[in-house]
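Worksheet for the structure shown next.
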Amino acid sequence: MLLDTFGRQAVDLRVSLTDRCNLRCTYCMPEQGLQWLAKPDLLTDEEIVRLVTLAVRDLGVREVRFTGGEPLLRPGLVGIVAACAELAPRPELSLTTNGIGLARTATALKAAGLDRVNVSLDTLDTETFHTLSRRHRHQDVLDGLAAAEAAGLTPVKVNSVLMRDVNDHEAADLLAWCLERGYELRFIEQMPLDAQHGWDRSKMVTAEEILERLHARFRLTPEPSAARGAAPAERWLVDGGPASVGVIASVTRPFCRACDRTRLTADGQVRNCLFATGETDLRAALRSGAGDAELAELWRTAMWGKKAGAGIDNPEFLQPDRPMSAIGG
Ligand code: SAM
Ligand code: SF4
């Protein structure tokens, strides 16, 4: 098992399949100049499947989420999903994506064994989408969402980051739009993980503000069964339920005490936290011929050293060197 000194067990593995992306969301990447990982440094599809197999079979991982960068840009994605779906015990398999290209691949992904998707959508307005992502791909995202629902990758979840004076006025509109379509919406507080280090705590739209904006149009009550557990989102029933909305308040109400995650970057580094400043190199070990027992021991040791919390709100907080797009969000 992947335990740490605070008694937490990591059962949820986030695998980044690439650091590249076809959008340039302002809270994530600069317009240009970001250095990509070199191809030979990326784990191959076989190496990824080997490490996921180890995590599921020997280390107690029960859920695997593929992310990036943009995971749909990975040519071998469907094959990786199919191989992971054959593992015993069968892990839950999900994907976090910007939705571009999902219209083409949703059916194949479902057939390969993918269970669910989270699609990132920050705005309902085409121009605002361009302002936020620096690309004209809004319709592709909307098409991707519809295709995910049609393919049965449900419940379809939508992730939204609100930026002050850009899309923060859309909180209630986004919720109404998702409710109409049966999508589960979760707002994520903006975190200091952008490549250009432009995050400013004083400008961040807080969970409290998001809830205020939602309260103006909807009646929100804390979800009764929502013993929050390891789930990062605090959830509220909307107008009595059954539909709900989530807020992931990583900055103002961190959930580190219940964190059950472990992360593998596209170049084969284990990270015990999104905000970890150190990594453990499984790729080097794997390529120098390490056996499963040795790799498992490295992974266990990496997790054992996990800190109590990310402490984003602490004055001594240091942003990790790698941006979110290279860690896997
Ligand atoms: N490209 C995919 C996508 O956008 O869904 C997967 C990777 S992206 C890094 C994963 C999630 O992280 C997205 O929902 C995105 O909105 C969110 N994200 C990116 N940068 C963030 C930041 N600085 N703070 C909070 N969330 C962020
Ligand atoms: Fe790409 Fe996702 Fe980052 Fe946007 S948030 S730039 S879609 S990796």
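Atoms within a ligand are numbered from 1 in the order they appear, just like the ligands themselves.
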What protein heavy atom lies closest to atom 16 (O) of ligand 1? Include the residue and the distance to one decimal. Tyr27 OH, 3.3 Å
Step through it carefully: locate the ring centre of Trp199, locate the ring centre of Tyr27, and say whether they are under 6.0 Å apart. no
Numbered in order shown, the ligand 1 atoms found under 4.0 Å of a heavy atom of Cys28 are 20 (N)
Can an N or O of Thr96 be found at a distance shorter than 3.5 Å from an N or O of ligand 1? no
Among protein heavy atoms, which lies nearest atom 2 (Fe) of ligand 2, and at what distance? Cys21 SG, 4.4 Å
For atom 4 (O) of ligand 1, which protein heavy atom lies nearest, and how many Å away is it? Ser120 OG, 3.4 Å
Heavy-atom pairs closer than 4.0 Å: do any link ligand 1 to the side chain of Thr97, the backbone, both, or neither? backbone
Within 4.0 Å of some non-hydrogen atom of Asn159, the atoms of ligand 1 are 14 (O)
Only heavy atoms of Thr67, strictly under 4.0 Å: list the atoms of ligand 1 that pass. 6 (C), 7 (C)
Using a 4.0 Å cutoff against the non-hydrogen atoms of Gln190, which atoms of ligand 1 qualify? 24 (N), 25 (C)
Picking from Leu17, Leu264, Leu42, Thr53, what satisfies side-chain contact (heavy atoms from CB on, under 4.5 Å) with Ile48? Leu17
Is atom 4 (Fe) of ligand 2 less than 2.8 Å from an N/O/S atom of Cys25, whether that atom is in the backbone or a side chain? yes
Which is closest to atom 1 (N) of ligand 1 in terms of heavy atoms, Cys21, Gly328, Gly69? Gly69
